[in-house]
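Following: one structure in structure tokens, then a few remarks.
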Amino acid sequence: MRIIFKTSYDADIRYFRNRVPALWYLALLLMSIALPFIINEFWLGEFTLMLIWAIAGMGLMLLVGHSGQASLGHAAFMAVGAYSNVILQEYGLPFILSLPLAGFFAGLAGVLVAMPTTKLHGIYMAIATIAIGVLAEDLIVILAPWTGGVSGKFAPSIEIFGINFDRYGNVSGLYWLILGITCLIVLGYKNILRSPLGRSFMAIRDSEISAQAMGVNIARTRTISFALSCAITGISGALMGHFSLVFTNETFNIVISIYLLLMIVIGGLGFIQGAFIGAAIVTFLPSVISFSRDAFFSNSAIIPGIESGLFGAILIFVILFEPMGLYGRWLKIRSYFELFPFYRRDMFRRQKSYLKTERMR
Amino acid sequence: MNLLDLQNVTLRFGGLVAVDNVSFSVKQGEVFSLVGPNGAGKSTIFNMISRFYDPAEGDILFQGQSILKKASHDIPHLGIARTFQNIELFEQASVLQNLLVGRQRHRRSNVLEEILFLPKVRKQEHHHRLAVEHVIDFLDLQPYRDKFISGLPYGIRKVVEMGRALAIGPKLLLLDEPASGLSTEETQDVAFWIEDIKKVMGITVLMVEHDMHLVNSVSDRVLALADGKILTIGTPSEVQNHPDVIKAYIGSDEEDALT
């Protein structure tokens with residue numbers, strides 16, 4: 001059993017509760033930095049892809065997990081990021097400038113979408129964002145002079161201070177670059193969560209009516225959360241563009257949006273770690289399937305749709321048995337050992353909730 | 001000086017007149033209670049002051065200024081805090097986070113500064129935390145500081161709701177049935193707290209409450225409402241013995257004679 005003594009207000013502001021998790025995360029970071037020396041280039045590419053998914057997942061997590069809005073069109077903002085990054089690079093901007101600008105444009109697109117949709121809730125918001133996702137695919141084709149239409153775009157090589165970070169030329173370089181970007185985004189995300197902004201997101205997620213009574217401007221806060229979410233997703237889109245080298249109007253389709261949503265639900269809504277766990281599943285599931293197929297079936301027949309089928313099955317099991325997601329399950333296991341032998345089975349169960357004030361207006 | 005003035009306020013829901021030509025004023029530093037049977041329009045008056053409803057006629061003044069042009073999220077910034085009858089806390093957050101949301105009024109940093117968590121933001125967080133700790137001390141919420149709302153019993157949630165309103169640092173506190181669903185002992189605690197809120201913190205309190213013991217023990221003045229109309233305003237004992245109030249609650253002699 002572990003008891004944490006807090007001796008200053010900073011104990012609740014710090015990134016980590018105490019030294020133990022801080023050391024674990026430091027170990028994880030060191031492992032991640034050392035990864036290119038341990039595994040081969042194929043797996044390193046897979047890990048790079050996982051980090052990109054994790055960034056996109058964090059973008060959606062901010063919106064769904066922390067400010068309680070649904071979006072089924074986030075692939076559209078990945079597309080905005082990918083296309084604006086490449087177009088800016090073609091105009092001669094260095095990657096170090098074009099990437100943040102791509103995030104900025106995706107965020108701007110987010111604001112434009114958020115303004116008419118922030119009044120919508122739940123399923124209606126989901127429908128509106130699906131429409132955005134479908135529309136984006138067509139818009140890319142219509143804007144062919146800039147986007148290349150159906151023939152797509154080719155990502156130019158990344159060069160920062162004379163060092164080349166190509167997908168195939170410098171695999172570990174690209175990995176380290178994306179790892180650095182991921183770390184920066186995690187830090188920014190953590191800062192949002194521990195500041196008044198994060199608390200106002202949480203307020204509009206749990207009760208809009210009392211958020212208003214506490215002085216939170218609902219429309220403004222929802223727009224900010226949408227903008228930040230889209231900006232992060234846009235950055236992941238830009239990186240995805242470089243990772244896949246070629247992308248067309250079909251790369252960022254509606255399936256990507258749905259995968260993103262499934263990813264954060266399976267990982268655990270409301271936890272940054274959940275985005276990473278979900279990203280790992282999305283990235284490694286196809287490899288695991290193909291390797292186990294080779295191991296178990298000698299004829300190596302390709303079973304169509306097995307990937308989506310397994311993914312759906314995992315989702316159903318998670319929703320049925322662990323609504324807090326895989327990270328939530330880990331938290332329960334951890335508190336079992338921390339509180340041993342005082343852990344109670346219904347410790348995480350919600351108290352019976354009482355009727356809410358009738359929604360006004 | 002009058003802190004809050006309602007001038008001939010009327011609100012209709014379709015054909016139903018929920019609040020009918022109501023005027024009253026709350027003086028600086030008093031505890032003013034609204035009583036009346038269910039559906040009398042007490043909570044509706046609260047919701048008009050919170051700007052969730054627009055009155056059809058009349059005006060509401062706070063410190064002499066009309067608040068009818070303000071949006072509902074501007075009301076706390078003026079110094080009016082409120083609680084809800086059926087607890088509206090942020091369930092998936094800790095008590096501490098709930099109280100800190102109340103400090104939104106005192107937020108002095110912008111989005112970019114908060115993403116970078118500049119030293120200024122950290123300093124501001126310390127100030128917020130100190131203010132919230134005062135509220136926690138006042139309401140004896142220390143054991144629940146890091147507990148999630150979704151796991152707390154009803155009585156504690158009720159107290160957290162009051163604490164969150166106090167964290168705003170208001171001039172006027174609107175309490176919507178602070179003692180509903182509480183035990184006798186908990187209701188006594190609420191009475192002591194309301195006394196202290198008035199005397200020690202110097203906050204004016206406007207309260208809706210059904211528990212007449214609580215109303216009698218803390219109120220300076222009481223307003224009785226029925227069917228959206230004012231029956232009488234006066235001291236607790238005056239109001240309780242007023243014939244119209246008795247009639248509204250238990251019916252009159254003539255009606256009794258009919259049955």
Side-chain angles (χ1 to χ4, degrees), chain A residues 4 6 8-10 12-13 15 65-66 68 185 187-221 224-225 227-228 231 269-270 346-361, chain B residues 43 47 50-53 71-77 81-93 96-98 100-107 109-111 113-117 121-122 124-126 128-130 133 146 148-154 157 161 164-165 167-168 176 181:
Chain A
I4 300 157
K6 293 174 180 169
S8 77
Y9 293 160
D10 277 320
D12 283 330
I13 297 176
Y15 289 122
H66 286 112
I185 290 175
L187 286 183
Y189 198 148
K190 272 298 243 188
N191 286 344
I192 291 174
L193 291 187
R194 58 183 185 165
S195 63
L197 183 66
R199 289 195 295 269
S200 62
F201 288 168
M202 172 218 62
I204 59 168
R205 175 192 67 193
D206 284 356
S207 169
E208 286 201 354
I209 193 98
S210 65
Q212 264 177 316
M214 293 295 119
V216 177
N217 184 337
I218 305 269
R220 189 163 166 265
T221 310
I224 292 174
S225 75
L228 287 176
L269 275 183
D346 50 2
M347 210 157 225
F348 282 85
R349 192 168 292 167
R350 284 169 56 129
Q351 275 274 328
K352 184 178 173 293
S353 60
Y354 297 85
L355 76 159
K356 292 231 167 193
T357 302
E358 308 91 89
R359 301 290 165 189
M360 282 164 255
R361 273 193 286 197
Chain B
S43 293
N47 287 339
S50 299
R51 300 285 300 112
F52 293 134
Y53 295 150
S72 50
H73 57 251
D74 289 329
I75 299 300
H77 295 270
R82 72 164 291 173
T83 65
F84 291 88
Q85 186 178 342
N86 301 313
I87 307 181
E88 282 278 349
L89 289 169
F90 309 120
E91 293 221 343
Q92 300 303 314
L96 193 62
Q97 284 173 317
N98 266 273
L100 282 168
V101 174
R103 302 293 299 169
Q104 197 73 22
R105 178 190 173 196
H106 305 273
R107 179 177 169 189
S109 49
N110 63 35
V111 174
E113 287 167 342
E114 285 172 11
I115 291 174
L116 300 172
F117 216 77
V121 179
R122 186 182 290 270
Q124 181 187 255
E125 284 294 290
H126 287 187
H128 290 337
R129 183 66 193 270
L130 191 66
E133 286 298 327
D146 291 324
F148 272 56
I149 299 295
S150 52
L152 287 181
Y154 180 84
R157 291 190 195 199
E161 173 111 358
R164 192 179 58 174
I168 293 178
D176 199 346

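Convention: sequence-line order gives letters A, B, ...; per-chain numbering from 1. Scope of the values below: all heavy atoms of this structure, side chains included, with no hydrogens, waters or symmetry mates.
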Under a 4.5 Å heavy-atom cut-off, does chain A meet the side chain of B/I75, its backbone, both or neither?
neither

Applying a strict 4.5 Å limit to non-hydrogen atoms, the region of A/L197 in contact with chain B is both

Atom OG1 of B/T83 and atom CD of B/E88: how far apart are they, to the nearest 0.5 Å?
11.0 Å

Quick one: does any side-chain atom of B/S50 pair with a main-chain N or O of B/F52 as donor and acceptor, under 3.5 Å?
no

Any donor-acceptor N/O pair, B/N47 side chain to B/Y53 backbone, under 3.5 Å:
no

Region of A/L228 that comes under 4.5 Å of a non-hydrogen atom in chain B:
side chain

So what's closer than 4.5 Å to chain A heavy atoms on B/E161: side chain, backbone, both or neither?
neither

Taking A/R199 for its side chain and B/Q97 for its backbone only, find out whether a donor-acceptor pair lies under 3.5 Å.
no

Are any side-chain N or O atoms of B/R157 and backbone N or O atoms of B/L152, one a donor and one an acceptor, separated by less than 3.5 Å?
yes

Ignoring hydrogens and geometry, is there a side-chain-to-backbone donor-acceptor pair from A/S207 to B/F90 under 3.5 Å?
no

Okay, B/D146 and chain A: the region with an atom under 4.5 Å from a heavy atom over there is side chain

Honestly, the part of B/E113 sitting under 4.5 Å from a heavy atom of chain A is neither

Need one label for B/R129: side chain, backbone, both or neither, based on atoms under 4.5 Å from any heavy atom in chain A.
both

Salt bridge B/D74-B/R51, side-chain N to carboxylate O under 4.0 Å:
no

Measure distances from B/L130 to the heavy atoms of chain A and classify the residue's part below 4.5 Å as side chain, backbone, both or neither.
both

At a heavy-atom separation under 4.5 Å, does A/R205 approach chain B through its side chain, its backbone, both, or neither?
side chain

Using a cut-off of under 4.5 Å for heavy-atom pairs, which of B/G102, B/A167, B/P76 has the most such pairs with chain A?
B/P76

Side chains of B/E125 and A/Y9: closer than 4.5 Å at any heavy-atom pair?
no

Structural part of B/R103 lying under 4.5 Å from a heavy atom of chain A:
neither

By a 4.5 Å heavy-atom criterion (distance strictly below it), what part of B/H77 contacts chain A: side chain, backbone, both, or neither?
side chain

Okay, side chain of A/N191, backbone of B/I115: is any donor-acceptor separation there less than 3.5 Å?
yes

Heavy-atom pairs under 4.5 Å with chain B - which of A/I192, A/V216, A/L187 has more of them than the others?
A/V216

Relative to chain A, which segment of B/A93 carries a heavy atom at a distance below 4.5 Å: side chain, backbone, both, or neither?
both

